[in-house]
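Throughout, residue positions are numbered sequentially from 1 according to the sequence presented.
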Amino acid sequence: MYDYIKGNVAELTPTYVVLDNHGVGYMINISLNSFNALQHQEDVVKVYVYEAIREDAHLLYGFTERRERELFLLLISVSGVGANTARMILSSLTPSDLEQTIASENVGILKSVKGIGAKTAERIIVDLKDKIKLSTDTLLDKSQVTSEVFDEAMSALVMLGFTKQMSQKALKKLFTAEPTITVEQAIKKALKMM
């Protein structure tokens with residue numbers, strides 16, 4: 001099982017990317033969210049992957065963020081939702097929008113995704129609403145902050161001896177004010193606040 005593939009972007013389309021890793025080209029199916037993220041990255045990129053093995057094919061699905069891959073895996077665990085349907089959902093909604101849609105049980109938004117009917121939308125919500133946690137770690141009050149940056153800063157502060165609760169409170173304030181803050185900036189500013 002692959003966790004991620006790092007390489008040069010040899011080809012990029014809205015539906016797939018070809019990553020050249022030491023002379024081997026990996027064709028990886030992607031969502032529009034990942035496509036948008038990959039357009040703004042340097043030549044060498046890191047894509048988290050999921051390998052779908054079928055009788056007739058071995059397919060790779062890729063994501064620029066771990067959280068998007070986690071949501072993809074949750075979606076394909078729902079009966080009637082295959083890998084392409086999950087990719088379609090993640091192309092129509094950002095990870096945080098999808099989390100909010102499921103948590104607020106908004107069937108209408110899921111039904112607006114091409115190929116998703118009322119029954120499938122309801123099944124996704126019923127199956128996943130308890131697995132989606134709308135917490136400061138994942139959504140940070142709707143701001144478009146990657147949970148990886150937040151988690152990394154949180155880990156560093158905890159290792160420095162601060163409590164998780166105190167660290168979380170300081171970081172939440174910082175990320176709400178500056179959604180694009182880096183890990184280093186977050187740690188430095190949080191230290192001044194505590």
Side-chain angles (χ1 to χ4, degrees), residues 1-103 109-110 112-117 119-135 137-139 144-152:
M1 180 73 173
Y2 301 110
D3 183 42
Y4 65 84
I5 297 173
K6 205 175 198 176
N8 295 307
V9 175
E11 189 179 347
L12 179 63
T13 76
T15 56
Y16 70 88
V17 62
V18 176
L19 286 189
D20 181 338
N21 178 290
H22 300 292
V24 178
Y26 293 92
M27 184 179 164
I28 305 167
N29 296 293
I30 56 172
S31 69
L32 281 176
N33 289 319
S34 290
F35 170 71
N36 290 333
L38 288 168
Q39 281 185 307
H40 304 295
Q41 291 187 10
E42 298 298 319
D43 288 343
V44 176
V45 297
K46 181 178 184 178
V47 176
Y48 297 98
V49 293
Y50 166 76
E51 185 180 18
I53 300 172
R54 301 190 323 221
E55 274 184 38
D56 58 340
H58 286 225
L59 303 170
L60 291 173
Y61 291 87
F63 313 91
T64 53
E65 291 181 24
R66 274 198 170 112
R67 185 65 189 140
E68 190 179 17
R69 181 175 64 181
E70 288 167 16
L71 288 168
F72 175 84
L73 294 173
L74 286 173
L75 286 168
I76 63 173
S77 73
V78 176
S79 176
V81 178
N84 282 326
T85 303
R87 182 172 64 151
M88 182 67 74
I89 292 168
L90 289 166
S91 289
S92 304
L93 301 167
T94 65
S96 49
D97 287 344
L98 177 60
E99 288 174 329
Q100 282 217 292
T101 299
I102 293 169
I109 290 178
L110 280 175
S112 70
V113 176
K114 186 179 178 237
I116 302 291
K119 282 184 179 175
T120 304
E122 286 167 12
R123 195 177 306 124
I124 289 169
I125 288 168
V126 168
D127 286 5
L128 302 184
K129 69 180 177 193
D130 293 334
K131 295 176 183 173
I132 300 289
K133 300 289 180 230
L134 285 179
S135 67
D137 292 40
T138 53
L139 276 188
Q144 299 296 315
V145 180
T146 61
S147 59
E148 285 182 16
V149 173
F150 186 89
D151 290 344
E152 216 173 303

Closest approach of L32 and S91, non-hydrogen atoms and distance?
-> N-OG, 3.0 Å
What are the two closest heavy atoms between A10 and D20, and how far apart are they?
-> CB-CB, 4.4 Å
Contact between [X] and [Y] at the side-chain level, heavy atoms closer than 4.5 Å - yes or no?
X: L38; Y: V47; result: yes
X: L75; Y: L128; result: yes
X: I30; Y: L12; result: yes
X: V9; Y: L19; result: yes
X: E70; Y: F63; result: no

Pairwise distance [atom1]([X]) to [atom2]([Y]) - rounded to 0.5 angstrom:
X: Y48; Y: R66; atom1: OH; atom2: CZ; value: 4.0 Å
X: N84; Y: Y61; atom1: CG; atom2: OH; value: 4.0 Å
X: N21; Y: Y4; atom1: CG; atom2: OH; value: 10.0 Å
X: T85; Y: I76; atom1: OG1; atom2: CD1; value: 11.0 Å
X: I5; Y: I28; atom1: CD1; atom2: CD1; value: 4.0 Å
X: I109; Y: L98; atom1: CD1; atom2: CG; value: 10.0 Å

[X] side chain to [Y] backbone, donor-acceptor under 3.5 Å:
X: R87; Y: T15; value: yes
X: N33; Y: L90; value: yes
X: S34; Y: T64; value: yes

With sequence neighbours left out, write down each residue that passes side chain to side chain contact (heavy atoms under 4.5 Å, CB included) with [X], or none if nothing qualifies.
X: E51; result: Y2, I53, H58, L60
X: N36; result: Q39
X: T120; result: V81, I116, R123, I124
X: V44; result: K6, N8

R69: salt bridge (charged side-chain N to carboxylate O under 4.0 Å, His left out) partners, not counting sequence neighbours = D3
For Y50, ring pair (Phe, Tyr, Trp, His ring centres under 6.0 Å) partners two or more places apart = F72
So does K119 pair up with E122, basic N to acidic O under 4.0 Å?
-> no
